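Keep in mind that this is a model prediction, so the values were computed, not measured. Read the numbers this way: they start at 1 and go in the same order the structure lists the ligands and their atoms.
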Amino acid sequence: MQTRLADFIRDSAEGREAEAILRKCVHCGFCTATCPTYQVLGDDLDSPRGRIYLMKRALEGAPVTERTRLHLDRCLTCRACETTCPSGVRYGRLVDIGRAVVEARTRRGPLERLSRAALAFGLPRTRLFAAALALGRIARPLLPASLKQKIPPRVEAAPWPPPRHERKMLVLAGCVQPALAPSINAAAARVLDRVGISLIEVPGAGCCGAIRFHLNYQEAGRDDMRALIDAW
Ligand code: SF4
Ligand code: SF4
């Protein structure tokens with residue numbers, strides 16, 4: 001795809017990287033087959049191809065609107081699209097660059113900024129999130145239906161087998177997962193135990209950084225990643 005990046009980014013490291021990625025996209029749309037948001041919403045602007053086009057326009061200096069930002073916000077950054085792209089487009093890296101540009105050129109309302117700041121602060125803090133979730137479960141009967149359905153019931157994890165195998169595998173406990181779905185890692189531990197591998201959670205590893213990075217608190221996300229590397 002031909003690109004002509006705007007002066008504000010053309011000669012930066014991010015600009016050169018984004019341009020190289022954009023030029024690989026041939027707009028074939030194969031990636032739409034594995035994009036969950038496109039599958040659910042059916043709008044090309046909520047597909048990787050559409051988002052790539054929106055980011056290209058933003059990087060070329062076209063006006064950026066709240067709708068542009070909304071379509072990028074809806075991206076889960078799951079990178080499933082990369083698995084079906086015949087051209088090897090590094091969508092995940094492009095969306096990191098594109099989000100930072102779009103964020104800098106738009107302004108969110110005060111409520112949205114507050115809720116995003118609260119998410120960036122609270123979600124990576126495992127104990128704080130667990131306490132907030134516990135309070136939410138207590139208050140659940142009093143909440144309106146729209147909020148009620150967002151609070152999942154408590155799930156008890158089945159026993160985690162003791163470490164007894166020579167072969168070991170490390171796993172992250174994660175930030176929200178211990179409170180929301182503790183059964184996931186425990187189930188993986190039991191499956192691996194059956195095939196002779198002991199699964200061990202890395203103590204004190206905390207959040208992998210994705211939450212804050214993808215909320216566009218990129219420096220804070222990098223701090224989480226550095227702490228994670230040290231813990232590993
Ligand atoms: S599959 Fe790859 S080349 Fe085709 S539209 Fe999607 S990102 Fe672009
Ligand atoms: S990262 Fe996931 S949600 Fe975002 S465009 Fe790719 S497949 Fe879709």
Side-chain angles (χ1 to χ4, degrees), residues 1-6 9-10 13-106 108 112 115-116 119-120 123-124 149-150 152 172 174-177 180-181 184 207-222 224-225 228:
M1 177 161 54
Q2 192 179 16
T3 55
R4 196 181 293 263
L5 296 201
I9 194 154
R10 185 188 303 129
E14 282 86 8
R16 283 189 286 273
E17 202 177 357
E19 186 161 40
I21 298 170
L22 283 169
R23 280 174 181 253
K24 281 191 159 188
C25 177
V26 293
H27 265 238
C28 61
F30 282 5
C31 51
T32 58
T34 44
C35 174
T37 57
Y38 180 70
Q39 298 301 315
V40 171
L41 300 169
D43 180 347
D44 205 53
L45 293 178
D46 287 311
S47 80
R49 177 172 60 182
R51 291 183 180 121
I52 288 170
Y53 186 72
L54 291 173
M55 288 187 274
K56 171 186 181 306
R57 299 286 297 134
L59 294 168
E60 287 177 337
V64 175
T65 66
E66 287 179 11
R67 284 193 67 82
T68 310
R69 196 181 60 209
L70 176 70
H71 293 300
L72 293 190
D73 280 353
R74 284 179 180 160
C75 170
L76 308 174
T77 333
C78 62
R79 296 172 62 192
C81 46
E82 292 185 7
T83 65
T84 39
C85 173
S87 301
V89 171
R90 290 166 53 227
Y91 173 88
R93 179 60 189 136
L94 182 65
V95 82
D96 288 346
I97 298 169
R99 274 192 176 130
V101 167
V102 168
E103 199 72 38
R105 293 178 57 199
T106 52
R108 295 182 191 268
E112 200 182 350
S115 74
R116 287 170 70 88
L119 290 172
L123 293 183
Q149 67 184 19
K150 290 189 167 66
L172 289 181
C175 42
V176 298
Q177 187 176 299
L180 275 180
I184 293 177
C207 178
C208 67
I211 284 184
R212 297 209 272 188
F213 198 88
H214 295 157
L215 280 166
N216 211 40
Y217 289 80
Q218 296 197 1
E219 249 338 285
R222 285 195 183 94
D224 291 339
M225 293 174 209
L228 177 72

Seminar exercise, completed: To the nearest 0.5 Å, atom OH of Tyr53 lies from atom CE of Met1 at 9.0 Å
Exercise. Crowded around Gln39 CD? As in, over 12 foreign heavy atoms under 6.0 Å?
Worked result: yes
Exercise. For ligand 2, which atoms have a heavy atom of Thr77 less than 4.0 angstrom away?
Worked result: 1 (S), 4 (Fe)
Exercise. Any idea which protein heavy atom is nearest atom 8 (Fe) of ligand 2, and the distance to it?
Worked result: Cys35 SG, 2.4 Å
Exercise. Judged by modelled atom types alone, do Thr77 and Arg99 share a side-chain donor-acceptor pair under 3.5 Å?
Worked result: yes
For this session: Evaluate the side-chain proximity of Val89 to Ile21: yes if any heavy-atom separation is below 4.5 Å, no if none is.
Result: yes
For this session: For the residue pair Glu14 and Arg93, establish whether any side-chain heavy-atom pair is separated by less than 4.5 Å.
Result: yes
For this session: Would you indicate which of Gly50, Cys75, Ala33 comes nearest to atom 4 (Fe) of ligand 2 when only heavy atoms are counted?
Result: Cys75
Exercise. Is any protein N, O or S atom closer than 2.8 Å to atom 6 (Fe) of ligand 1, and if so, which?
Worked result: Cys31 SG
Problem set entry | Donor-acceptor under 3.5 Å (Arg105 side chain, Ala58 main chain) | yes
Exercise. What is the closest protein heavy atom to atom 1 (S) of ligand 2, and at what distance does it sit?
Worked result: Arg79 N, 3.1 Å
For this session: May I ask you to list the atoms of ligand 1 that are less than 4.0 angstrom from any heavy atom of Pro86?
Result: 1 (S)
Exercise. So does Arg67 have more than 12 non-hydrogen atoms from other groups sitting under 6.0 Å from CZ?
Worked result: no
Exercise. Short list, please: which atoms of ligand 2 are under 4.0 Å from a heavy atom of Pro36?
Worked result: 7 (S)
Seminar exercise, completed: Nearest non-hydrogen protein atom to atom 2 (Fe) of ligand 2, with distance, is Cys78 SG, 2.2 Å
Exercise. Quick check: are there more than 12 heavy atoms from other residues, nucleotides or ligands sitting under 6.0 Å from CZ of Arg57?
Worked result: no
Problem set entry | Distance-only polar pair, side chains of Thr37 and Arg74, donor-acceptor under 3.5 Å | no
Seminar exercise, completed: protein heavy-atom neighbour closest to atom 3 (S) of ligand 2 works out as Leu76 N, 3.3 Å
Exercise. Looking only at protein heavy atoms, which one is nearest to atom 5 (S) of ligand 2, and how far off is it?
Worked result: Arg51 NH1, 3.2 Å
Exercise. Charged N to carboxylate O under 4.0 angstrom, Arg10 versus Glu19?
Worked result: no
